[in-house]
Every structure is written in structure tokens, then in C-alpha cells.
Amino acid sequence: MHTTATYSLRDLVVYFLKLGTVGFGGPPALIGYMHRDLVVARQWISEADYREGVALAQLAPGPLAAQLAIYLGYVHYGILGATAVGVAFVIPSFLMVLAIGWAYVRFGGLAWIQAIFYGIGAAVIAIIAMGTYKLTLKTVRPADWLGWVIFGVSAVTTAVLETELIGLIVGAGVLYWLVKSPPDFRQLSRLGTLSPTIELWGLATPGSIYWKLALFFGKAGAFVFGSGLAIVPFLYGGVVKEYGWLNEQQFLDAVAVAMITPGPVVITVAFIGYLVAGWAGACVAALATFLPCYLLTILPAPYFKRYGQRPGIRAFVDGITIGAVGAIAGAVVVLGRRQLTDWPALCLALLAGVLLWRFNKLPEPYLIAGAALLGVLLKTIS
């Protein structure tokens with residue numbers, strides 16, 4: 001049962017502009033704000049529509065919070081609403097990241113900037129580790145032996161090879177599907193609706209740096225499942241290991257920038273794009289990452305009520321999500337090895353982890369600000 005639209009598209013766009021400007025806390029917090037404000041307080045969106053949006057966002061690859069925002073814009077205002085809301089939600093953090101990117105490049109050689117990111121980098125390791133722990137408990141059920149096997153294999157493989165293997169993640173989805181909900185092969189021909197959309201990314205040919213950025217970040221947006229953290233191991237494998245666009249410290253700084261700015265965590269791609277190819281690189285990276293999630297939200301939306309809850313589809317997505325969470329856990333090990341290279345950094349990370357464990361609702365920007373101050377202090381007295 002759908003609610004009657006008692007709000008204008010302008011109202012919705014203004015709301016998501018505000019959320020994109022002040023919405024800290026990552027995907028869990030952002031989708032919680034949307035439920036509190038749009039479903040409970042203002043009653044613009046029905047509970048049923050909200051739940052369908054969350055389910056579709058989990059089913060399709062891409063950043064969870066951005067996909068849910070796009071779907072909620074689609075509910076009463078179709079493609080125009082989805083487009084306007086998606087842009088409104090992303091643009092504030094995009095502009096903030098560009099400003100930080102400019103300052104990072106302009107003043108990056110200064111000792112105090114390096115000291116700030118020394119402290120921030122240690123805190124980010126703790127934040128990602130704690131986020132991964134919570135995500136793992138939510139994703140893999142205690143009695144799900146197959147899920148834990150998939151999680152373990154994905155984590156160890158990522159930690160050892162220092163890159164995320166897309167084939168392994170997709171294979172996890174297929175294996176989980178075959179074991180948990182064996183398919184009726186007579187029905188498989190009906191499930192190929194989205195493949196042409198994904199394969200459009202293969203039409204581009206290698207050339208300039210902008211094409212390379214578009215292809216890489218397009219893959220990131222089209223194939224990475226789970227929360228915003230799920231993109232971290234994929235980006236590390238490509239940006240640092242395969243292409244060498246950034247060194248490991250710059251990559252960790254890029255993740256830190258995403259943590260200290262509001263809006264979707266995936267906006268880190270704009271910072272990376274800026275470091276690689278300036279303003280144009282930031283625009284290409286952001287557009288290439290968010291376009292697949294936009295298309296994979298609005299295209300299946302009309303059909304989702306009919307097919308989205310089929311056991312086979314749910315099992316496939318569950319398997320992919322478990323594999324992605326395992327890759328995040330492996331990425332924590334990889335990033336920790338690179339960042340925590342001395343005792344002060346290790347102690348900072350442990351302190352941040354204890355604070356996150358003790359105070360569940362501790363705002364991450366406050367933690368990162370404190371870590372930055374401690375980083376400057378440690379570098380000053382050393």
C-alpha cells in the first residue's frame with residue numbers, strides 16, 4: 001500500500017541536499033536517517049516502499065545509501081525524481097572532497113599536513129576494522145557454515161594477494177545460490193534483464209587517462225556489492241597495485257577523506273580521481289562510479305515487486321555479499337600492514353578501536369579530529 005505523495009519534488013531534493021551535507025556515519029546511519037525522517041516523522045514514504053528500496057539496494061551492486069536515496073526519489077516522481085534526488089544527495093560531499101583534494105595537493109608537502117594524516121590514517125584503520133566486525137555479524141549467521149567458509153576464503157585470499165578478485169566474489173554468489181536455493185533451470189532465461197546494462201562498460205576502448213578512469217570506476221560501481229566499505233579492497237587492488245595511480249599512503253588518505261566528509265563513503269572515488277587527473281578526473285571517477293548504481297536502481301524498479309524476493313535471487317546476492325565482506329576483512333589486514341608501521345601509529349589505532357567499542361554512538365568525525373590532533377602532537381615531539 002503506497003502513501004499519497006504529500007510533498008513536492010523540491011521538498012525531497014532539499015531534504016537530500018541537507019542529508020548529503022550533514023549526514024555522517026556511513027551507510028547504516030544514512031539509511032537510518034532516511035527511515036526516521038521520511039517514513040516516521042514526515043510520512044512522505046510508506047514503510048513498504050522503504051523496505052522495498054532497502055531490499056533493491058542490497059540486491060544490486062553499488063553504494064547502499066545512494067541507491068536507497070535514488071529509489072525513494074523514484075517512488076512518487078519516477079526517473080526525474082530519482083535523478084534529482086541522486087544528484088542532490090551526492091553533490092555536497094563531492095564538492096567537499098574536491099576542496100579537500102585541492103588543499104591536499106597544494107599543501108601536501110607541509111609537515112603539519114603529513115602529521116594530520118598520520119594520525120587520521122591510524123584512526124581509519126580502527127574505523128574500518130570495527131565497521132567490518134559489525135558488518136560481518138550482520139551478514140553471516142552464526143550457524144551458516146557455508147557463509148563462514150566463503151567469508152574465510154575471501155578474507156585470506158584478499159590479505160595474501162593484496163587485491164580483490166571479482167571472479168571469486170561472483171563465484172561465492174553462484175555457490176551459495178546452488179547450495180542454499182538450487183535453481184529450476186527452466187526459469188533462468190528470465191533473469192538476464194540487467195546484463196546488457198553492465199556490459200555497456202565494455203564498449204569503451206583504452207586510450208587517455210580519462211577512459212582508463214571511466215572503465216575502472218565503472219567496474220567498481222557495477223560489480224561491488226555491500227556497504228560503502230566494500231569498494232575499499234577493489235579500489236586498493238586497482239588504484240595502488242594494478243595501475244599505480246596512488247601510493248599506499250595516498251590511498252589511505254583517500255579513505256580517510258571519505259570518513260571525515262558527510263554523504264556516501266564511496267565519494268572517496270572523487271578524491272582519487274582528483275589526485276590522478278585533477279578536476280576532470282574527479283568528475284569522471286564520480287560519474288563512472290555512480291552511473292551504474294543509478295541505472296541498476298531505476299531499470300529494475302518496476303519489476304522488483306514481481307521478482308526481487310525469489311529465493312534464488314536472494315541466495316545469490318547473499319553469497320556475493322558474504323564474499324564482499326570477507327574481502328573487506330582481508331583489506332583491513334593489508335591496509336593495517338602498510339599504515340601501522342611504528343608503535344605510536346599502532347597505539348593510536350588501538351585507542352581508536354577501544355573508543356569505538358566502548359562508545360557505540362561516538363561520531364566518527366570527532367574521533368578522526370582527535371586522531372589528527374594526536375598525530376600532530378606525536379610528530380611535533382618526535
Co-membership, hydrophobic cluster, residues [X] and [Y], 4.5 Å side-chain:
X: V266; Y: L246; answer: yes
X: Y366; Y: V354; answer: no
X: L72; Y: Y33; answer: yes
X: L355; Y: L340; answer: yes
X: V284; Y: V105; answer: yes

Heavy-atom side-chain proximity of [X] to [Y] below 4.5 angstrom:
X: V276; Y: V239; value: no
X: W102; Y: F107; value: yes
X: F316; Y: S181; value: no
X: W177; Y: P182; value: no
X: F94; Y: C283; value: yes

Just how far is it from atom [atom1] of [X] to atom [atom2] of [Y], taken to the nearest 0.5 Å?
X: L346; Y: T341; atom1: CG; atom2: OG1; result: 10.0 Å
X: L68; Y: L30; atom1: CG; atom2: CG; result: 9.5 Å
X: H76; Y: I45; atom1: NE2; atom2: CD1; result: 6.0 Å
X: L252; Y: N247; atom1: CG; atom2: CG; result: 10.5 Å
X: L374; Y: T380; atom1: CG; atom2: OG1; result: 11.0 Å
X: L235; Y: K241; atom1: CG; atom2: NZ; result: 15.0 Å

Is a side-chain N or O of D37 found less than 3.5 angstrom from the main chain of M34, in a donor-acceptor match? no

Among residues two or more places apart or on two chains, list those pairs meeting ring pair (Phe, Tyr, Trp, His ring centres under 6.0 Å) that have a residue in residues 122-148. Y133-W357, W148-F151

For E242, check side chain to side chain donor-acceptor pair (under 3.5 Å) against everything at least two apart and list the hits. none

Can you list everything that forms a side chain to side chain donor-acceptor pair (under 3.5 Å) with Y274? Sequence neighbours excluded, please. none

How are the rings of Y15 and W44 set to each other: parallel, tilted or perpendicular (split at 30° and 60°)? perpendicular

Should the pair Y243 and F216 be assigned to parallel (<30°), tilted (30 to 60°) or perpendicular (>60°) ring geometry? perpendicular

Please list all pairs meeting salt bridge (Lys or Arg N to Asp or Glu O under 4.0 Å) that have one or both residues in residues 117-127, counting only residues at least two apart or in different chains. none

Report, as yes or no, whether the 6.0 Å neighbourhood of atom CZ on R141 holds more than 12 heavy atoms from other residues, nucleotides or ligands. no

Walk me through whether L296 and C293 qualify under side chain to side chain contact (heavy atoms under 4.5 Å, CB included). CA-CA 5 Å; L296 293 173; C293 91; 5.8 Å; no

Which atoms form the tightest heavy-atom contact between [X] and [Y], and what is the distance?
X: I272; Y: A254; result: CG1-CB, 3.7 Å
X: Q250; Y: W245; result: OE1-O, 4.4 Å
X: M130; Y: G353; result: CE-O, 3.8 Å
X: G326; Y: S154; result: C-OG, 3.6 Å
X: T297; Y: Q67; result: OG1-CG, 3.5 Å
X: A288; Y: A214; result: CB-O, 3.5 Å

Looking at Y71 versus Y50, is the centre-to-centre ring distance below 6.0 Å? no

Are Y236 and F251 an aromatic pair, judged by ring center distance below 6.0 Å? yes

Candidate pair Y77 and Y7, rule side chain to side chain contact (heavy atoms under 4.5 Å, CB included), full reasoning: CA-CA 10 Å; Y77 291 101; Y7 60 95; 3.6 Å; yes

Distance-only check: which donor-acceptor pairs under 3.5 Å involve side-chain atoms of residues 80-92, not counting sequence neighbours?
| residue | atom | partner | partner atom | Å |
| --- | --- | --- | --- | --- |
| T83 | OG1 | I79 | O | 2.8 |
| T83 | OG1 | Y294 | OH | 2.5 |

Mind running side chain to side chain contact (heavy atoms under 4.5 Å, CB included) on L175 and L146 for me, showing each step along the way? CA-CA 9 Å; L175 175 62; L146 179 59; 4.1 Å; yes

Just jot down the salt bridge (Lys or Arg N to Asp or Glu O under 4.0 Å) partners of R337, sequence neighbours excluded, or say none. E162

S46 vs V39, side chain to side chain contact (heavy atoms under 4.5 Å, CB included): CA-CA, chis, key distance, verdict: CA-CA 6 Å; S46 71; V39 179; over 6 Å; no

In plain terms, say whether D144 and K180 are close enough for a salt bridge, that is, a side-chain N and a carboxylate O under 4.0 Å apart. yes

Can you check side-chain hydrogen bond (donor to acceptor under 3.5 Å, both in side chains) on Y118 and D253, steps first, answer last? CA-CA 9 Å; Y118 172 82; D253 293 345; over 6 Å; no

